Structure formats: structure tokens, C-alpha cells
Amino acid sequence: MRHIQLTGIKMMLLLFIFPALLFAQETLTGKTINESTGEVVPFVNVIQKGTSNGTTSDLDGNFSLSVESLPTTLVFSYIGFETQEREVTQNSPINVSFVQAAAALDEVVVTGLATSIKRSNSANAVSSISAKELVGTTAPPTLDGALYGKFPGAIVSANSGAPGGGLSVKLRGATSLQGNTQPLYIVDGVYIDNSSIPAGLNIVSAAAGQGSSSNQDNPSNRIADINPEDIANIEILKGASTAAIYGSRAAAGVVIITTKRGSAGKTRYNFSQSLGWTEVINLLGVRDYNEERVRESFGEAAVQDFIEARDQNRLIDYEKELFGDQGLISITNFNASGGSEDTRFFASVTQNKEDGIVANTGYDKISFRLNIDHRANDFIKFGFSTNYINSTSDRGYFNNDNTGTSIGVALTGTVPWLQLFPDENGNYPDNPLGASNILQTRDLVVNQEKVDRLITGGYANIDIYKAEKSGLELILRGGIDYYGYNTYAFFPKELQFQNPDNGGLNGVSVQGTATNKNYNVSAFLVHNYFTDSNINFRTQAGLTRESFDQNRYLLAATDLVASETNVDQATNTGVEQTRVRQEDAGFFVQEEVNYQDKIIATIGLRGDKSSNNGDANELFYYPKASVAVNLNEFDFWNDESFLGQFKLRAAYGEAGNFPPPAGLFTSYDSYTNVGIDGTLKGISLRGVLGNPDLKFERQKEFETGIDFGMFSNRFTGSITYYKKTVDDLILLSVKEPSSGFGNQFVNGGSLENRGIEIGINAILARSRNFNWDLGINFFKNESEITKLDVPAFNIGAFGATLGTFRIEEGKSATQLVGIGPNAGANGLQVFGDSEPDFQMAFNNFLRYKDFELSFLWQWKKGGDNVNLTALLTDLSGTSHDFDTVDLDPEGQLGNGPYRVSQLGSSARVFIEDAGYVRLRELGLYYNIPSSLSDRLLNGTFERIRLGFSGTNLVNIFDYNSYDPEVSNFGGSAIFNAVEVTPFPSSKRYLFKAEFNF
């Protein structure tokens with residue numbers, strides 16, 4: 001055993017300390033030139049295939065590269081030119097002629113349901129994210145968690161720090177006040193459900209008993225099921241001019257995900273293992289207590305308890321006790337790909353295990369994928385993709401509650417001199433200062449989600465005919481997304497707050513089941529025609545059909561028998577069912593005209609009908625049109641100009657947003673047997689009158705911009721301005737009492753968003769040993785309610801005393817108002833806006849010899865939150881800054897007493913700046929030279945990559961809580977900047993080893 005250990009140590013030393021002792025035996029030289037002009041192409045990447053051994057050609061196109069032996073294969077690549085491979089069998093000068101063609105500017109982006117276009121010809125600002133950008137720096141916790149700062153125009157925010165997800169993505173501002181605000185996700189042609197389904201915690205928390213009735217159960221969202229390691233690239237269609245092709249589901253944008261496919265050749269394998277830990281981003285700390293402060297806040301009786309605990313050295317930092325854990329992370333991925341010229345495959349399995357920063361929380365997911373593509377003959381190609389996911393998430397009991405029992409709310413009233421730990425028999429003492437013993441709640445409450453999901457899609461491309469200048473292709477696509485989702489929430493009767501003497505329910509068991517089945521099918525004809533003058537006409541037309549079926553049950557039991565968890569072993573039981581079913585059908589036609597890549601014009605129309613409309617047979621039409629002009633393709637400047645690309649573009653399009661399921665029809669509540677609260681119930685109205693005349697929200701958007709490339713496209717950029725209007729805005733209107741209903745959904749207004757997006761990419765350095773690539777994106781959005789047919793109203797928070805959102809004509813859709821000394825005629829004062837002033841991201845990639853360093857900084861300027869965690873700690877006398885004097889203009893009151901003194905007179909103290917600067921991602925990797933790995937491992941591995949990475953490692957903000965990224969109400973609405981004692985956010989540290997063979 002000792003010999004094995006010493007051998008391992010020696011191998012590690014060889015891997016990390018002595019690679020420089022091995023020297024190459026051959027030096028290859030050559031020159032890189034432009035085939036069409038004969039001029040040199042400088043700064044070309046020259047890599048020995050399958051290794052990290054490489055160099056860069058100099059200003060004169062000359063390069064020199066040392067290799068261990070011949071024969072070998074060199075790979076030559078440069079932006080704006082075709083990548084080439086050259087097999088070298090003897091040491092002689094190598095001249096490489098580059099063909100200017102498909103590279104970064106000529107990658108394809110989606111323009112139709114069945115077609116794509118070169119990016120250099122696109123009239124829209126379509127953002128793309130490659131696999132390297134997605135997971136190349138660090139392994140993200142979820143797919144949507146990997147989108148932070150990667151492209152302009154998107155606000156990605158975590159609704160909760162709980163393991164397993166809970167994020168929201170909003171593209172180009174607010175798109176609805178009552179309807180969906182999340183983009184449509186499509187994976188390999190399959191429409192993906194991204195629901196957040198509550199677990200029924202409200203039965204205990206009564207969070208919806210006052211204020212907003214929005215979902216406050218802190219559930220995860222289902223896009224978190226998709227494995228980021230399987231993704232080849234993502235395209236984000238932000239504007240209606242691109243999203244129009246997806247019709248009535250595309251008002252909030254479309255995220256198109258393409259997973260990895262196999263390529264012809266020998267089977268290649270990749271194995272990676274990441275190990276690390278997660279820890280809380282920010283602990284607030286404990287108030288600095290002394291005898292006088294205890295007396296003032298808690299009375300004379302508490303002073304003696306404080307003194308005894310202090311003198312016996314048993315003052316407990318319960319915040320650290322709850323959130324101080326370091327959760328272990330393990331991510332294991334294995335994939336294989338390969339095949340023949342006719343049949344190719346990609347298969348993968350990934351296991352992700354993550355412990356939360358709170359005991360008894362965590363996330364465990366396993367994902368299997370198989371993608372197969374087959375060419376049956378010269379005119380038929382087909383394939384399919386299958387992905388199975390099984391996951392379990394334990395999320396704890398957090399966020400708002402009106403009973404004082406959730407871990408976060410109870411913590412605000414927990415002081416350090418309390419003894420809350422269990423005795424030797426496992427019995428927890430009651431908390432004398434609150435409704436809940438936070439340690440007992442943490443250890444005994446269960447809030448678990450389980451998912452079994454199958455996503456399968458297929459396609460067939462059939463060349464009906466091909467001629468010299470024309471061709472007709474039939475494209476068939478279809479897929480199904482099916483999952484079973486089970487929630488289990490258990491509050492045992494021994495909990496302090498479940499004791500009937502304390503007003504409890506004597507034990508609660510809530511079990512939920514949801515089944516979701518989506519399927520979509522489509523068929524398209526695509527015709528291409530080329531004229532003698534090199535004008536391309538591309539015509540496409542097709543039919544689509546989508547079905548969405550979700551059935552949810554929530555079974556609740558109170559007053560449990562003994563410690564049974566079965567819902568039938570209880571005195572009181574209740575059942576709730578929510579059924580949402582929708583059938584959509586439509587057509588799409590589009591004509592694209594390309595004049596020699598100089599002028600590219602497109603016009604299209606989508607027609608939709610849906611069972612979610614009052615008249616299920618009525619067609620709604622969504623037009624689109626665009627034009628792009630590549631000035632660089634004209635003879636305005638010569639080929640030697642520093643300006644390589646300059647494109648002007650403009651586009652217009654319309655898309656829709658469905659009414660909420662409860663909007664069209666009057667719904668009822670019903671309970672069988674006995675109600676959850678112990679009272680007999682039958683059928684009752686929900687209080688919302690159905691409106692069969694309710695129409696879709698219609699989004700109309702115009703965008704214009706320029707794309708440019710300079711210095712042989714070493715410096716490229718894009719600038720886009722957009723104006724987006726949402727008409728027929730769906731609002732919840734108050735009904736007259738005589739109607740018997742409280743509210744009704746109506747089309748009652750218009751909303752406008754205006755914004756600018758800028759993306760810059762620069763190659764700052766290219767040399768033999770050092771590369772530096774920089775990407776910068778910037779965006780700013782402003783919203784306005786341009787029309788309101790109902791009286792102005794407050795929405796989305798807990799009232800004007802604390803700060804709330806207000807919908808008012810002529811004002812921002814996300815303004816935050818409240819009671820204040822300078823209130824207007826309506827008694828309210830504007831204190832802020834949840835919309836950021838702007839967001840920026842700086843993405844860097846540096847390579848020095850065999851080392852790689854990547855890091856992403858994200859800057860959010862402005863944007864406000866309603867911070868009610870501070871309010872609760874202030875009211876309990878436990879705020880970490882309770883006694884700090886820096887808020888009171890008179891310099892007399894501590895921050896806690898000052899904030900409390902403003903209750904009822906000014907909401908300003910609870911509306912805080914939520915801006916931040918964050919090191920979102922960091923990765924440092926070492927690629928072991930092939931000469932070293934070949935000697936040690938007999939050439940088994942093509943590449944070995946070792947490194948360290950992290951997420952949220954540096955966080956700079958003045959926000960007075962755990963993290964400015966919070967949402968008590970989840971990601972389903974735009975009013976998500978409200979904090980009530982959330983599950984704190986985390987930072988992640990990972991060590992990774994990756995092997996290609």
C-alpha cells in the first residue's frame with residue numbers, strides 16, 4: 001500500500017512540476033495566407049490536433065511549432081476563415097491558404113421554424129451561447145443559472161438560494177402584468193414546460209392569507225431539469241421580429257437549445273469529475289448585545305438569561321448555526337460520440353449531487369441522453385433525441401409566512417442566549433420568544449420535490465427534388481415532454497407550532513402530484529431558388545400543432561394520527577385539483593430574398609388558434625418583416641480597409657401572450673369530506689368572474705441596429721435599439737359588489753418598453769504563448785404604462801406602508817411607491833424602481849501556454865427591492881445594525897429604531913438599492929502537454945485538463961440582506977423584487993478533472 005501511495009505522489013509531481021523537462025524533437029515552420037488575395041493572414045491559431053500544444057502566426061504570417069515526432073496533424077483556425085487540418089509527415093515548410101467563409105460572423109441563427117441564416121445576414125439581434133461559454137468556465141447548478149451575464153437584454157435572477165433551482169429569466173423588460181413573463185424554451189424542437197408548482201406550504205404558513213395571494217412556496221422551476229453538459233449551443237430570440245414565428249407563446253421571447261450530436265469517425269469519450277463545496281455568500285451577523293440593550297428591547301426578565309449565557313460562554317450565533325454549513329458538490333459526467341458517415345450518435349450520463357448550506361437540504365439529479373442521426377440515402381435524413389431525468393430536491397421551509405413559523409421568519413426573533421438544541425433524548429425545547437424552534441423546524445420539517453421526466457423529439461428531412469438552381473425539402477418535426485412531479489411536505493405533530501395548545505394543527509402532511517404532457521408536431525416545405533444573377537429566393541410554409549396538458553392534485557391532512565404521514569391517517573383531509581389543458585394549431589409562411597449577401601429581406605406570417613381563446617376557431621395573425629444591408633459587400637471601400645463588416649438592419653414583428661387559465665371561465669373551489677381548516681365545505685366561487693371575450697396580449701416590436709467588424713474582425717460589435725409595445729394588456733379589474741364577484745380579468749391597457757443593447761468582442765492579444773479574448777455586453781431597458789382603462793392600482797407586495805408596485809398611466813410598470821412625506825394627491829410617493837438603470841458584463845478568456853484563465857464580472861447598476869427581512873429583524877430587536885447610527889438624519893436613533901419609527905409615515909427605509917458587482921464565474925485550468933501524458937499513460941488520453949472554478953466568489957453590494965437577488969413571489973410575474981426571509985444564496989468552489997480519449 002505504501003508503494004502505491006508513493007507512486008501516486010511521484011505521478012502527481014510529474015504532472016504538475018516537471019513537464020518542462022520533456023522536449024519536442026521536431027520544429028515545423030510555415031506561413032498562413034489568404035487564398036483569394038495572396039496576402040498574409042496574421043495571428044492564426046496553430047494547434048497540434050488532440051493536444052494543447054500550439055502557437056500563433058506572427059504579423060507576417062510566419063509560424064514555428066515544436067512537436068515530439070512525425071507524423072502529426074496540425075489544426076489552423078482564425079475568425080472569418082474556414083478551419084483547416086493538415087497532416088504533416090515530413091519536416092518541410094508548410095503554406096496554408098485560408099478560404100474566407102463560415103466562422104464567428106457566419107455562424108447560423110434561426111430565422112424560421114425550419115430554417116436558419118448566416119449571422120452576417122441576419123436582420124435581428126439574436127444572441128448565441130456556445131457550449132464553451134455555457135459550461136467551459138465552471139459547472140453551473142442549473143441551465144438557467146448558466147445564463148447570467150452571457151448576453152445583453154436578459155435579467156436572470158435567483159428567486160431562492162435553495163438547491164435545485166428557482167430562477168427567472170426576463171428578456172427585454174416587462175411583457176405582461178398578469179400573464180407569463182418567462183421565455184418559451186425549445187430543446188431539439190420540443191416545447192419544454194417550465195412550470196413552478198407549489199407544494200402546499202401555505203396550509204401551514206398562511207403566506208397568502210394577507211397581502212398578495214401569489215405563489216410563495218419557493219418551488220423550483222422545471223427548466224432546471226435540463227443538463228447543461230449536454231448542450232451544444234443556445235440561441236435567444238429576444239424580440240417579436242424573431243419570436244413571431246412561434247406565435248402566441250412567444251411574447252416573452254424564445255430560448256432555442258440544441259444538444260450535442262455525434263460526428264463521423266472513431267468513437268470519442270469524455271469523462272469529467274467535479275468536486276467541491278458551496279457556502280453562503282453573506283452572513284449578516286448578530287446584534288452586539290449588552291445588558292442595557294437587552295433590557296431596552298426584551299425587558300428586565302431577559303437580562304438575567306443573557307448574563308448567564310454570556311458568563312457561561314453559550315451565546316449562540318443561530319444565523320451561523322443555520323447557514324454556516326459547507327454543502328458538498330459532486331458532478332460526474334461521461335459521454336461518448338461517434339459513428340459512420342451514415343449513422344452518428346451522442347450518449348451521455350450525468351449525476352449531480354449537491355448538499356445545501358442548510359442541514360437536510362440538497363439536490364440530487366441524474367440525466368441520461370441518447371441522440372442518433374441517420375442518413376438513409378442521398379435524400380432522406382432523420383434522427384431523434386431522448387433525455388430521461390430523475391431528480392430529488394429538499395428545499396427547506398423558508399420565505400414569507402403569517403404564522404411566525406418558517407425558518408427565516410422565526411430566525412428574526414431568535415436571540416443568542418436561548419437554548420434551542422435538543423436534549424440527549426432528541427427532545428427540542430420550545431422557543432419562549434417565538435412560535436417556532438428554528439433548529440427543530442430545520443431538522444424535522446420535510447419539503448421535498450421529486451421529478452421523473454422524459455423528453456423525446458425527432459425529425460426527418462426529405463429532399464423532394466434537387467436541381468441545379470432550385471430544390472424542395474420537406475421537414476418533419478415532433479416531440480413530447482412528459483414528467484411526473486411529486487411534492488411531499490411534512491410537519492410532524494411534535495413541532496412546537498403544531499401543538500394544539502399553541503394554536504397548531506397537530507401535524508400536517510401535504511402530498512402533491514402533477515403530471516405534465518406536452519407534445520408538438522410540425523411539417524414544413526422549404527423551397528430554394530437561385531437566379532443567374534445570384535439572387536436566392538427561399539420560401540417556406542408549414543403547419544404546427546401543440547398540446548399542453550397538466551393535471552395537479554394537492555392532498556392535505558391535518559390533525560395526524562400518531563406520527564403517520566399518510567394523508568388518510570388524519571382527522572381532517574382536503575383535496576385540491578388544478579387542471580390546465582390547451583390545444584393550439586397554426587400555420588407559418590415566410591419568404592426570404594438574398595441579393596448576393598448584400599441585401600437580405602424577409603417577410604413572414606404566423607396564424608394561430610387556440611382552445612385558450614374564447615372562440616377556439618378564431619385565428620390570430622402575427623406578421624414579421626426585416627431587412628439587412630451588408631455595406632461591406634458593396635464596393636464602397638477596398639479589401640485592405642480596416643473595416644471588414646458593416647451591416648445596417650431593421651426588423652418588425654408581432655407575438656402574443658395567452659390569457660391566464662382562470663381568465664376566460666368562472667372557476668370554483670370545492671373540497672370533499674372535511675376542509676383543511678376543519679370546517680365543512682362544498683362548492684364555492686373563487687371570486688373571479690370569467691370573461692369569454694378576453695383577448696391575447698399582443699406584442700409589437702421594432703428593432704434596428706448595426707453590426708460591425710474591424711481589423712480582420714479582431715474587433716466586432718453589435719448595437720441594437722428596440723421599442724416594444726404590449727396592447728390589450730390583461731388586468732384584474734374590480735367588479736361592482738352587486739355582481740357577486742370581486743374581480744374580472746379584462747383587456748385594459750398598453751405597456752411600452754424601450755431599450756438599447758450593445759455587444760463587443762475583441763481579440764486583445766494573439767501570440768505564440770499568449771491569447772486574450774474579451775467580451776463586453778451592455779443593456780438598458782425602460783418601461784411605461786402608456787394606456788390604462790381602469791383606475792391606477794397597487795399590486796405585487798404587502799401594501800403602501802412598506803412599499804408596493806403601482807400601475808399608473810404614464811409611469812414605469814415597475815415603479816415602487818409608498819407612504820411618504822412628499823406624497824402626491826393619491827397619498828403615495830415614488831421611492832424607486834425594480835428595473836435596473838443598466839446591466840453590464842465583462843467576459844475574459846486568457847491562455848498562457850498550457851494554462852487557461854476565464855472570468856466573468858457582472859455589474860447591475862440600480863434597481864430596488866422591498867426589504868422586509870430588515871423590517872422583521874427590526875421589530876424583533878435583532879438586526880445586525882440595530883444600534884448603528886447612520887440612517888437617522890438627527891444622528892440620534894440606531895438604524896433599527898429609526899426604521900421602525902418610519903412605519904406608517906415613510907416606506908423609504910424599506911426600499912433599497914439592489915445593485916451589485918459580482919464575480920459571476922472564475923476558472924483556472926491546466927492542459928497537460930500531450931508529450932507528458934503520452935509518456936505517462938501510453939497515449940490513452942487525447943487530452944487531460946485539470947482546474948479550479950467558482951461561482952459568485954466576489955460579491956460587492958450595499959443591500960442590507962443576504963443577497964440583492966431575491967423574490968418572495970417566484971419568477972412568474974414581473975413584481976419579483978420583494979424579500980421576506982429567503983433561503984440565502986450561495987457561492988460555489990469546484991475542482992475538476994477532465995479526460996478525453
Side-chain angles (χ1 to χ4, degrees), residues 280-325 357-358 398 400 404-421 429 431-439 441-442 802 865-903 909-910 912 955 957-964 966 979-985:
V280 67
I281 283 179
N282 177 46
L283 288 176
L284 301 180
V286 179
R287 181 184 176 187
D288 186 13
Y289 293 100
N290 57 36
E291 294 176 28
E292 180 181 352
R293 291 171 177 174
V294 172
R295 183 177 293 107
E296 289 177 353
S297 297
F298 304 97
E300 189 65 43
V303 175
Q304 187 59 39
D305 293 336
F306 167 72
I307 292 173
E308 289 181 5
R310 181 193 61 190
D311 294 345
Q312 296 173 18
N313 196 30
R314 52 179 183 81
L315 290 174
I316 305 299
D317 183 345
Y318 282 104
E319 180 191 50
K320 188 173 182 180
E321 175 67 26
L322 282 176
F323 306 139
D325 283 5
I357 60 171
V358 177
F398 285 87
N400 178 45
T405 59
S406 73
I407 292 175
V409 171
L411 175 63
T412 64
T414 301
V415 293
W417 55 87
L418 292 178
Q419 162 49 31
L420 301 179
F421 291 91
N431 178 1
L433 298 182
S436 169
N437 178 329
I438 55 174
L439 303 185
T441 303
R442 175 197 66 183
L802 306 176
N865 286 353
V866 179
N867 182 356
L868 300 185
T869 299
L871 168 66
L872 293 174
T873 55
D874 288 341
L875 292 174
S876 299
T878 60
S879 305
H880 68 100
D881 65 340
F882 192 88
D883 305 295
T884 303
V885 181
D886 57 14
L887 294 179
D888 182 8
E890 304 295 329
Q892 300 296 317
L893 296 176
N895 292 350
Y898 177 73
R899 286 188 292 254
V900 172
S901 73
Q902 299 300 298
L903 272 173
V909 292
F910 304 113
E912 296 187 30
N955 304 274
F957 53 81
D958 293 327
Y959 184 68
N960 189 29
S961 192
Y962 298 104
D963 191 352
V966 296
E979 174 187 336
V980 188
T981 63
F983 192 116
S985 300

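In what follows, residues are counted from 1 in the order of the sequence shown. These numbers come from a predicted model, not from an experiment.
Considering only heavy atoms from C-beta on, Asn437 comes within 4.5 Å of Pro429 through its side chain. When side chains are defined from C-beta on, Glu291 counts as touching Ile307, because their heavy atoms get closer than 4.5 Å. Here the side chains of Val358 and Asp325 are not in contact, with every heavy-atom distance at 4.5 Å or above. With contacts defined as side-chain heavy-atom distances shorter than 4.5 Å, the pair Leu322/Arg442 qualifies. Within the 4.5 Å cutoff, side-chain heavy atoms of Leu315 are placed close to those of Arg310. Looking at heavy atoms from C-beta onward, Leu871 lies in side-chain contact with Leu903 at the 4.5 angstrom threshold. Taking 4.5 Å as the limit, some side-chain heavy atom of Thr414 sits within range of a side-chain heavy atom of Leu420. Here the side chains of Leu802 and Leu868 are in contact, with some heavy-atom distance below 4.5 Å.
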**Residues Ile357, Phe983; criterion side-chain contact (heavy atoms from CB on, under 4.5 Å); working and verdict** = CA-CA 9 Å; Ile357 60 171; Phe983 192 116; 3.7 Å; yes
**Message:** Apply side-chain contact (heavy atoms from CB on, under 4.5 Å) to residues Glu912 and Asn865 and explain how you reach the verdict.
**Reply:** CA-CA 5 Å; Glu912 296 187 30; Asn865 286 353; 5.6 Å; no
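Within 6.0 Å of atom CG in Asp958, 12 or fewer heavy atoms from other residues, nucleotides or ligands are found, so the atom counts as exposed in its surroundings. Taking a 6.0 Å sphere around CD of Glu292, one finds it holds 12 or fewer heavy atoms contributed by other residues, nucleotides or ligands.
The CD1 atom of Ile438 sits 10.0 Å away from atom CD of Glu319, with the distance rounded to the nearest 0.5 Å. Between the CD atom in Gln419 and the CZ atom in Arg314 there is a gap of 7.0 Å [rounded to 0.5 Å].
Checking each of Ser297, Pro416, Ser876 against Arg287 for a side-chain contact (heavy atoms from CB on, under 4.5 Å) leaves exactly one that passes, namely Ser297. When each of Thr878, Val409, Leu411 is paired with Leu872, the side-chain contact (heavy atoms from CB on, under 4.5 Å) condition holds for Val409 and for no other. Exactly one residue among Asn960, Thr873, Asp288 makes a side chain to side chain donor-acceptor pair (under 3.5 Å) with His880. That residue is Asn960.
Across Thr981 and Ser406, no two heavy atoms sit closer than the pair OG1-OG, 4.4 Å. Annotation for Leu893 and Ser901: closest pair CD1-OG, 4.2 Å, computed over non-hydrogen atoms. The heavy-atom pair separating Asn282 from Leu284 by the smallest distance is ND2-CD2, 3.8 Å. Here the shortest heavy-atom pairing between Gly404 and Ser436 reads O-CB, 4.0 Å. The two atoms that bring Asn867 and Ser961 nearest to each other are ND2-CB, 4.0 Å, heavy atoms only.
Side-chain N or O atoms of Tyr318 include one that pairs as donor or acceptor with a backbone N or O of Leu418 at under 3.5 Å. Between the Asn895 side chain and the Asp886 main chain, a donor and an acceptor come within less than 3.5 Å of each other.
Counting only residues at least two apart or in different chains, ring-ring contact (aromatic ring centres under 6.0 Å, His included) contacts with residues 281-309 comprise Tyr289-Trp417, Phe298-Trp417, Phe306-Trp417.
Contact check on Arg899 versus Asp881 returns a salt bridge, with a Lys/Arg side-chain nitrogen under 4.0 Å from an Asp/Glu carboxylate oxygen.
Taking Tyr962 as the reference, Phe323 meet the ring pair (Phe, Tyr, Trp, His ring centres under 6.0 Å) condition, with sequence neighbours excluded.
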